[in-house]
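One structure below.
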Amino acid sequence: MPAHEESSNPLVRERAHLAASRAALRAMREDVQALDIRDVTANWVNAAVLQSQIDDRIKALADLSHTPLFFGRLDYLHVVGAEKAEGSQGERFYIGRRHVHDAHGDPMVIDWRAPVSQPFYQASRKNPLDVDHRRRFGYTGGELTAYEDEHLADPTETEQTSKLLQAEIERPRVGPMRDIVATIQPEQDEIVRSGLGGTVCVQGGPGTGKTAVGLHRVAYLLYAHRERLARTGTLVVGPNRSFLHYIEQVLPALGELEVRQATVEDLVAARVEVRGTDESAAAVIKGDARMAEVLRRAIRSHVTPPSEPVVVVRGSRRWRIPAYEVEEMVGELLARDMRYGAAHEALPQRIAHAVLVRMEEAGEAPDDRVQNAVARNPAVKAAVKAIWPAVDPAKLVLRILTDAEFLAAHAEGLLTDDEQKQILMTRPARSVKSVKWTAADAVLVDEAADLVARTHSLGHVVIDEAQDLSPMQYRAVGRRCSTGSATVLGDLAQGTTPWSTGSWEQALFHLGKADAVVEELTAGFRVPREVIAYASRLLPAISPGLAPVESVREAPGSLSVREVGAADLEAAVVAACEESLRQEGSIGLIAADARVPALSAALTAAGHSFLSPGQETTAESRLTLVPASLAKGLEYDYVVLDEPAAVVDGEPDERTGLRRLYVALTRAVSGLVVLHAAELPERLA
């Protein structure tokens with residue numbers, strides 16, 4: 001499959017098709033811009049909604065000069081029906097990031113998500129899927145410069161690794177994460193195109209593309225189920241703001257602008273303001289699933305059986321509902337295990353209905369308006385307030401965390417005495433607003449709020465770096481897709497929180513998706529083989545039984561481990577960064593959080609500007625100083641890792657520290673330099 005030279009006639013024709021496609025895309029955009037909403041809207045509300053939709057459509061049709069409009073071509077052996085080919089029959093189709101059609105409506109570029117495009121990712125010589133030949137295109141700075149052909153129907157042609165595909169995978173990474181739409185592999189494509197109805201969990205080691213697979217799955221689902229997801233909504237949940245900033249351009253590059261991105265902290269922040277932090281032991285207990293039952297018991301404890309009858313006065317008549325009958329209503333509502341707030345709203349209607357039955361027995365003919373009036377009667381309202389009072393979720397959690405007797409009463413048989421002491425606040429606050437709520441507290445308040453009123457469910461939620469969520473955090477996310485589905489992405493070996501999950505079965509149970517399908521990606525496309533093999537020495541200690549990643553990338557000399565004197569460490573790190581900066585692409589200097597100030601001072605003294613995680617690289621700086629705690633999910637062409645022992649020592653226990661080190665070792669795409677003065681961890685020595 002030789003890559004053809006620029007002067008070849010086929011390349012000239014392909015460039016002409018690219019130019020014509022770009023012109024067609026501009027025309028599509030201009031057509032939308034020319035729409036006059038005054039002719040089709042009756043009022044300003046409709047006009048505002050339509051204008052917003054038009055603005056989004058204009059953004060989606062933007063022609064990004066640095067992004068190839070199409071990256072492949074399929075020539076079929078037979079004519080493909082219009083139902084698979086976005087409205088037009090044919091044998092040849094250009095595959096790109098979005099659909100482009102000419103003035104007659106005939107497609108010039110087919111969306112990569114269309115059924116006719118799937119063989120671009122799945123076809124092989126063993127199973128050509130009616131494809132005669134597949135063409136890949138190479139670009140330099142947005143210009144089409146080369147192409148490669150695979151004649152899948154030709155039995156005499158030998159199968160070789162695509163040089164253009166390899167070059168695209170290894171292209172230097174500067175700026176935010178890019179889409180992988182041109183390089184999706186067959187096993188990744190199967191996950192991307194799996195149906196909306198089921199939840200998929202993807203276990204993938206470093207460099208297997210699990211994050212990209214999750215984002216492209218969202219894009220595919222929005223294509224295949226646009227109307228449904230437009231109603232129900234989609235969400236991407238990431239571990240931190242830096243990570244979300246890193247991935248935020250992937251979906252817009254694929255034409256999808258309406259997907260919300262958030263951290264778990266963002267999801268639960270509406271209830272209380274997080275201003276405090278927990279000790280590790282307290283955070284683990286608060287994040288344990290047992291707390292859900294503690295909260296359920298506590299909230300139901302507010303229900304008090306009636307001791308007196310309810311007497312409703314209407315006009316000259318008095319209607320009496322005895323206490324035992326009201327108690328039966330309360331018992332029935334408790335047995336149905338309804339949301340506390342829904343039951344609070346249902347009880348006055350139940351009492352009112354009982355009054356209406358007595359009215360009918362007395363010969364009256366009350367209607368629904370009478371029942372609603374009775375439900376609002378002061379006697380009924382007073383009874384409901386006494387029997388089933390309203391509960392404020394934040395006040396409930398505050399009482400649990402400050403009232404030892406209240407906590408003990410509802411944690412009996414669930415939490416030990418020592419565990420209860422661990423989560424009690426040492427300095428009880430006077431009010432909800434004065435509390436220094438922690439991130440774990442906010443999740444508890446969110447759980448309590450869901451016990452009162454059901455949380456709105458979205459159509460699909462993607463959870464990345466999911467191995468680091470606590471059971472209660474899984475429940476918080478699961479509530480937001482209780483009637484929808486989810487894509488769960490993570491790597492058990494990269495769990496670095498004290499509460500990180502031990503197995504996907506446990507995690508999916510807490511998420512409420514126990515029937516999810518678990519897929520494993522083991523082929524690595526990002527981290528060089530030499531680097532991932534070095535990092536994988538840690539796997540027996542951090543995640544026994546987990547299969548190591550088998551990298552497809554050969555990059556001899558991509559790993560350098562250097563020992564230096566303690567007094568020379570900062571200077572050696574600066575020199576290694578300077579060495580990496582002579583290469584093309586992004587550079588990440590990763591260090592234990594405690595070492596960041598010293599390295600910052602050393603870089604500044606040497607005259608080097610540098611970025612923080614999440615900041616985009618500029619002409620002035622391609623170097624990012626990354627605390628090890630924020631390295632997860634990020635990637636750089638070249639990584640300089642400072643003092644591995646300090647990374648391990650920066651965590652509360654050795655296993656977590658080794659997992660943090662595993663993450664840091666696997667952020668490099670092209671080269672890794674490890675510098676140490678202290679002894680390396682035993683498995684790396």
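Position 1 is the first residue of the sequence; numbering continues from there.
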>> With salt bridge (charged side-chain N to carboxylate O under 4.0 Å, His left out) as the test, pick out the partner of E256 among R98, R226, R217.
In response: R226
> Quick one: does I423's side chain get under 4.5 Å of L407's, heavy atoms only?
Replying inline: yes
>> Please determine whether a side-chain nitrogen of the Lys or Arg among K421 and D417 lies less than 4.0 Å from a carboxylate oxygen of the Asp or Glu.
In response: no
>> Nearest 0.5 Å, please: how far is CD in E520 from SG in C201?
In response: 10.0 Å
> Can you list the steps and then say if E293 with R297 is a salt bridge (charged side-chain N to carboxylate O under 4.0 Å, His left out)?
Replying inline: CA-CA 6 Å; E293 178 60 19; R297 291 179 183 179; 3.4 Å; yes
>> For the CG atom of D278 and the CD atom of Q422, what is their distance to the nearest 0.5 Å?
In response: 10.0 Å
> Distance from K395 atom NZ to T402 atom OG1, nearest 0.5 Å?
Replying inline: 12.5 Å
>> Could you check whether any side-chain N or O of K210 sits under 3.5 Å from a backbone N or O of G490, counting only pairs where one atom can act as donor and the other as acceptor?
In response: no
> If you look at every heavy atom in V100 and L25, which pair is closest and at what distance?
Replying inline: CG1-N, 3.8 Å
> Short question: side chain of Y474, backbone of A466 - any donor-acceptor pair under 3.5 Å?
Replying inline: yes
>> Please determine whether a side-chain nitrogen of the Lys or Arg among R350 and E332 lies less than 4.0 Å from a carboxylate oxygen of the Asp or Glu.
In response: yes
> Are the side chains of L235 and L267 in touch, meaning some heavy atoms are under 4.5 Å apart?
Replying inline: yes
> For D111, does its backbone N or O pair with a side-chain atom of H99 as donor and acceptor, under 3.5 Å?
Replying inline: no
>> For R290, is there an ion pair with E419 - N to carboxylate O distance below 4.0 angstrom?
In response: yes
>> A quick test of your reading: do over 12 heavy atoms of other residues, nucleotides or ligands sit less than 6.0 Å from CZ of R275?
In response: yes
> Any side-chain heavy atom of L251 sitting closer than 4.5 Å to one from H216?
Replying inline: no
> Which distance, rounded to the nearest 0.5 Å, do you find between the CE of M28 and the CD of Q33?
Replying inline: 12.0 Å
> What is the minimum heavy-atom distance between R97 and A253, and which atoms define it?
Replying inline: CD-O, 3.9 Å
> Does the pair D491 and Q467 meet the rule for a side chain to side chain donor-acceptor pair (under 3.5 Å), with working shown?
Replying inline: CA-CA 6 Å; D491 179 12; Q467 74 280 346; over 6 Å; no
> Less than 4.0 Å between a side-chain N and a carboxylate O, is that true for D468 and K632?
Replying inline: yes
> Roughly how far, to the nearest 0.5 Å, is the CG atom of D403 from the CG atom of L424?
Replying inline: 8.5 Å
> Would you say S457's side chain and S482's backbone share a donor-acceptor pair under 3.5 angstrom?
Replying inline: yes
> Step by step, would you call H460 with S485 a side chain to side chain donor-acceptor pair (under 3.5 Å)?
Replying inline: CA-CA 5 Å; H460 193 77; S485 57; 2.8 Å; yes
>> Between V432 and L398, is there a side-chain heavy-atom distance shorter than 4.5 Å?
In response: yes
> Does a side-chain N-to-carboxylate-O contact under 4.0 Å join R479 and E447?
Replying inline: yes
> Sub-3.5 Å donor-acceptor pair from the side chain of S470 to the main-chain atoms of W499, do we have one?
Replying inline: no
>> For a ring pair (Phe, Tyr, Trp, His ring centres under 6.0 Å) check, start with the C-alpha distance between Y220 and W112, then their side-chain angles and the critical distance, and finish with the verdict.
In response: CA-CA 9 Å; Y220 172 77; W112 66 277; 7.2 Å; no
> For the residue pair L489 and G214, what are the closest heavy atoms and their distance?
Replying inline: CD1-CA, 3.7 Å
>> With a 3.5 Å distance limit and no angle check, can you tell me whether W319 reaches the backbone of L356 through a side-chain donor-acceptor pair?
In response: no
> Under the salt bridge (charged side-chain N to carboxylate O under 4.0 Å, His left out) criterion, do D266 and R241 qualify, and how do the steps go?
Replying inline: CA-CA 10 Å; D266 294 332; R241 285 271 129 218; 2.4 Å; yes
> Under the side chain to side chain donor-acceptor pair (under 3.5 Å) criterion, do E273 and W437 qualify, and how do the steps go?
Replying inline: CA-CA 6 Å; E273 181 184 359; W437 297 103; over 6 Å; no
>> Quick check: closest heavy atoms across P471 and G287, and the distance to 0.1 Å?
In response: CD-O, 3.1 Å
> Should D337 and R300 count as an ion pair when the cut-off is N to O under 4.0 Å?
Replying inline: yes
> Where do D450 and R454 land on the salt bridge (charged side-chain N to carboxylate O under 4.0 Å, His left out) test, with the steps shown first?
Replying inline: CA-CA 5 Å; D450 185 71; R454 185 182 299 277; over 6 Å; no
> Do V236 and R260 have side chains that get closer than 4.5 Å, going by heavy atoms?
Replying inline: no
> Judged by modelled atom types alone, do Q203 and E519 share a side-chain donor-acceptor pair under 3.5 Å?
Replying inline: no
>> With a 3.5 Å distance limit and no angle check, can you tell me whether N240 reaches the backbone of S242 through a side-chain donor-acceptor pair?
In response: yes
>> Looking only at the aromatic ring of each residue, does the gap between the centers of H410 and F406 stay below 6.0 angstrom?
In response: yes
>> Any non-hydrogen side-chain atom of L469 less than 4.5 Å from a side-chain atom of I463?
In response: yes
> What are the two closest heavy atoms between A449 and R271, and how far apart are they?
Replying inline: CB-CZ, 3.4 Å
> So F243 and T263, side chain to side chain contact (heavy atoms under 4.5 Å, CB included) or not? Walk me through it.
Replying inline: CA-CA 9 Å; F243 177 83; T263 64; over 6 Å; no
> How far apart are the C-alpha atoms of Q261 and E248, what are their side-chain angles, what is the distance that settles it, and do they pass the side chain to side chain donor-acceptor pair (under 3.5 Å) test?
Replying inline: CA-CA 8 Å; Q261 297 182 358; E248 67 184 358; over 6 Å; no
> Hey, is R480 close enough to D446 for a salt bridge, meaning N to O under 4.0 Å?
Replying inline: yes
> Yes or no on side chain to side chain contact (heavy atoms under 4.5 Å, CB included) for H302 and L396, after CA distance, side-chain angles and deciding distance?
Replying inline: CA-CA 10 Å; H302 289 75; L396 175 74; 3.5 Å; yes
> About how many Å separate CZ of R320 and CD of E308, when rounded to the nearest 0.5 Å?
Replying inline: 10.5 Å
> Do H510 and Q473 pass the side chain to side chain contact (heavy atoms under 4.5 Å, CB included) test, and can you show the C-alpha distance, the side-chain angles, and the key distance before you say yes or no?
Replying inline: CA-CA 9 Å; H510 295 308; Q473 287 175 319; over 6 Å; no
>> So P498 and V284, do their side chains get closer than 4.5 Å, heavy atoms only?
In response: yes
> Which heavy-atom pair separates P366 from E360 by the least distance, and what is that distance?
Replying inline: CD-CG, 3.7 Å
>> Please check this pair: side chain of T199 against backbone of A486, looking for a donor-acceptor N/O pair closer than 3.5 Å.
In response: yes
> Would you say R113's side chain and Q118's backbone share a donor-acceptor pair under 3.5 angstrom?
Replying inline: no
>> Using side chain to side chain contact (heavy atoms under 4.5 Å, CB included), reason through I321 and R358 one step at a time and then give a plain yes or no.
In response: CA-CA 9 Å; I321 309 300; R358 283 161 172 73; 3.5 Å; yes
> Are V370 and R314 close enough that some pair of their side-chain heavy atoms sits under 4.5 Å apart?
Replying inline: yes
